[in-house]
Every structure is written in structure tokens, then in C-alpha cells.
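Comments concern the structure below.
Just so you know, these numbers use all the heavy atoms, side chains as well, and skip hydrogens, waters and symmetry mates.
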Amino acid sequence: IAAYGRRISVRLYTVHSGMTLDNINWAAVDRIIRVDHAGEYGANRIYAGQMAVLGRSSVGPVIQKMWDQEKDHLKKFNELMVAFRVRPTVLMPFWNVVGFALGAGTALLGKEGAMACTVAVEESIAHHYNNQIRTLMEEDPEKYEELLQVIKKFRDEELEHHDIGLEHDAQLAPAYKVLKSVIQAGCSVAIYLSERF
């Protein structure tokens, strides 16, 4: 009965998505949705930290616009978490604190520091999304059409944020290359842990 109930709930959701219980790789979808939800949550906390420091500065509206898009991304992954019964990473409380601290800490270096953080994080997320797109395309693009559309749209928006960061002097941040490398190493660790835990 439990399995039957799950099948009904999934099929109700998948009337418009084409993804059914029988024909998807549950392990892959579970991992993708959990890590993407964690990533979008972390991005929201980074922008919250940046806004706490730079919200009233000239770059505040630019940061706010990017944050609004990240809020939409998180909302969509919240919906997918419920629809596919994916549990969030156990590291959410950690990403809450670390994300905010990273956003606020880099913003304390000035707008260039905040933008360097944006460039580093968004480049990492776009690369990660590209890997997921490749995985789903290799498995079956028609089967995962809805999820692919979501990931591609969000990837494109993350790349826009990356470019906005460069346009707003990210490369003028103190020790830009070192800062970018350290942040991207942290992103790689966060992705690895959030996929698995």
C-alpha cells in the first residue's frame, strides 16, 4: 500500500513532467535535487550576507536583483524536493552559517570582494550544472526533459551573475586569484558533501 501510495503521488506530479516512478534513475534524481537545493540555499545565504554589508551601497540593487533570481531557484528546488520526496542535506544548518559568513566576509572587502565571490561561486555552480546536464542527456533527454529545462535555465542565469560580477570589478578584489581559488575549492567540497549527506 505504501508503494502504491507513492506511485500515485509521483504520477500525480508527473502528469506534466513525463517522469514516472518506473522509468527514472531515482538515485541520480535524488542526488541532483538534494545538491542543487543545497547550492541554491547556500547562494541565497551568500547574497543575504552581501546585502547585510552592501545593501545600501551603489551596488546594492545589483546584488538584490541577483538574489531575487536565486530566491526563484530555491523556490523551484523546494517544490521538486516535495514532489520527488527528496530529503535535504543534513548540512543545511552549516550552509546557512557558512553561506552568510562568506557573503558578508567578502563584502567587507568592498564591492570588488563581493563580486569576486559571485564570480567564483557562480562559475562553480554553472560547471556543476553542466555536469548534471551531461549526465541526464546521456541517460535519456526525453525522460528528464522538465528537470533539464530547469537546470539549463538556472545555469544560464548563474552565468549571467558571473558576468555581472566581472562587469562590476571582481578582478580588482584584493588577491583575486587566491580568493577565487579558495572559494571554488570550498564550493567543490560543499557539492561533494551535499550530494552524499
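With contacts defined as side-chain heavy-atom distances shorter than 4.5 Å, the pair Leu80/Val29 does not qualify. By the 4.5 Å heavy-atom criterion applied to side chains, Gln132 and Asp36 are counted as neighbours. Side-chain atoms of Ile24 and Tyr144, non-hydrogen and from C-beta on, do get closer than 4.5 Å to each other. Contact check for Cys187 versus Val121: side-chain heavy atoms found under the 4.5 Å cut-off. With a 4.5 Å cut-off on side-chain heavy atoms, Met92 and His37 count as touching.
Remark: Leu159 CG to Asp163 CG distance equals 6.5 Å, nearest 0.5 Å. Ile133 contributes atom CD1, which lies 12.0 Å from atom CD of Glu138 (distance to the nearest 0.5 angstrom). A distance of 10.5 Å separates CD of Glu145 from CG of Asp140, quoted to the nearest 0.5 Å. Distance check: Ile183 CD1 to Glu123 CD gives 11.5 Å after rounding to the nearest 0.5 Å. Here the OG1 atom belonging to Thr135 is positioned 10.5 Å from the CG atom belonging to Asn130, to the nearest 0.5 angstrom. Here the CG atom belonging to Leu166 is positioned 11.5 Å from the CD atom belonging to Glu122, to the nearest 0.5 angstrom.
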side-chain contact (heavy atoms from CB on, under 4.5 Å) assessment of Ile32 paired with Val86: CA-CA 10 Å; Ile32 285 170; Val86 174; over 6 Å; no
CA sep, side-chain torsions, deciding dist, call: Leu148, Ile151, side-chain contact (heavy atoms from CB on, under 4.5 Å): CA-CA 5 Å; Leu148 278 164; Ile151 294 172; 5.8 Å; no
From CA spacing to verdict: side-chain contact (heavy atoms from CB on, under 4.5 Å), Lys75, Lys71: CA-CA 6 Å; Lys75 182 174 180 249; Lys71 288 176 184 176; over 6 Å; no
Stepwise side-chain contact (heavy atoms from CB on, under 4.5 Å) test for Asn78 and Val82: CA-CA 7 Å; Asn78 279 332; Val82 172; over 6 Å; no
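The number of heavy atoms from other shown groups lying within 6.0 Å of CZ (Arg56) does not exceed 12.
Looking at every heavy atom in both residues, Asp30 comes nearest to Arg34 through OD2-NH2, 2.7 Å. Scanning all heavy atoms of the two residues, the minimum distance from Leu54 to Ser57 falls at O-OG, 2.7 Å. Heavy atoms only, all atoms of each residue included: Ser124 and Gln184 are closest at OG-CG, 3.3 Å.
Neither Val98 nor Val182 shares a network with the other; the hydrophobic side chains, linked directly or stepwise wherever heavy atoms of I, L, V, M, F, W or Y lie under 4.5 Å apart, form separate groups for each. The hydrophobic clustering, which links ILVMFWY residues whose side-chain heavy atoms are closer than 4.5 Å, places Leu109 and Met51 apart. Ile164 and Ile46 fall into different hydrophobic clusters, where Ile, Leu, Val, Met, Phe, Trp and Tyr are joined by side-chain heavy atoms under 4.5 Å apart, directly or via other members. Hydrophobic clustering (side-chain heavy atoms under 4.5 Å, transitive across Ile, Leu, Val, Met, Phe, Trp, Tyr) keeps Val35 apart from Phe197.
Between Lys76 and Glu40, no side-chain nitrogen of the basic residue sits less than 4.0 Å from a carboxylate oxygen of the acidic one, so the salt-bridge criterion is not met. Ion pair Lys153/Glu157 flagged as a salt bridge, since at least one NZ, NE, NH1 or NH2 atom sits closer than 4.0 Å to an Asp/Glu carboxylate oxygen.
Sequence neighbours left out, not one pair with a member in residues 95-136 passes ring-ring contact (aromatic ring centres under 6.0 Å, His included). Within the structure, ring-ring contact (aromatic ring centres under 6.0 Å, His included) pairs that include any residue of residues 149-195 comprise His73-Phe154, Phe77-Phe154 (at least two apart or interchain).
Using a distance-only test at 3.5 Å, with no hydrogens or angles considered, no donor-acceptor pair links the side chain of Ser194 to the main chain of Ile191. Side-chain N or O atoms of Arg31 include none that pairs as donor or acceptor with a backbone N or O of Arg196 at under 3.5 Å.
Qualifying ring pair (Phe, Tyr, Trp, His ring centres under 6.0 Å) partners for Tyr41, counting only residues two or more places apart in sequence or in other chains: none. The side chain to side chain contact (heavy atoms under 4.5 Å, CB included) search around Leu108 returns Val53, not counting sequence neighbours.
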Atom pairs and distances, side-chain donor-acceptor, residues 59-67, under 3.5 Å, sequence neighbours left out:
residue : atom : partner : partner atom : Å
Gln64   : NE2  : Asp68   : OD1          : 2.8
Trp67   : NE1  : Asn44   : O            : 3.3
Trp67   : NE1  : Asn44   : OD1          : 3.0

Kindly list each side-chain donor-acceptor pair under 3.5 angstrom involving residues 110-120, sequence neighbours excluded, with atom names and distances?
residue : atom : partner : partner atom : Å
Lys111  : NZ   : Asp169  : OD2          : 3.2
Thr118  : OG1  : Ala114  : O            : 3.2

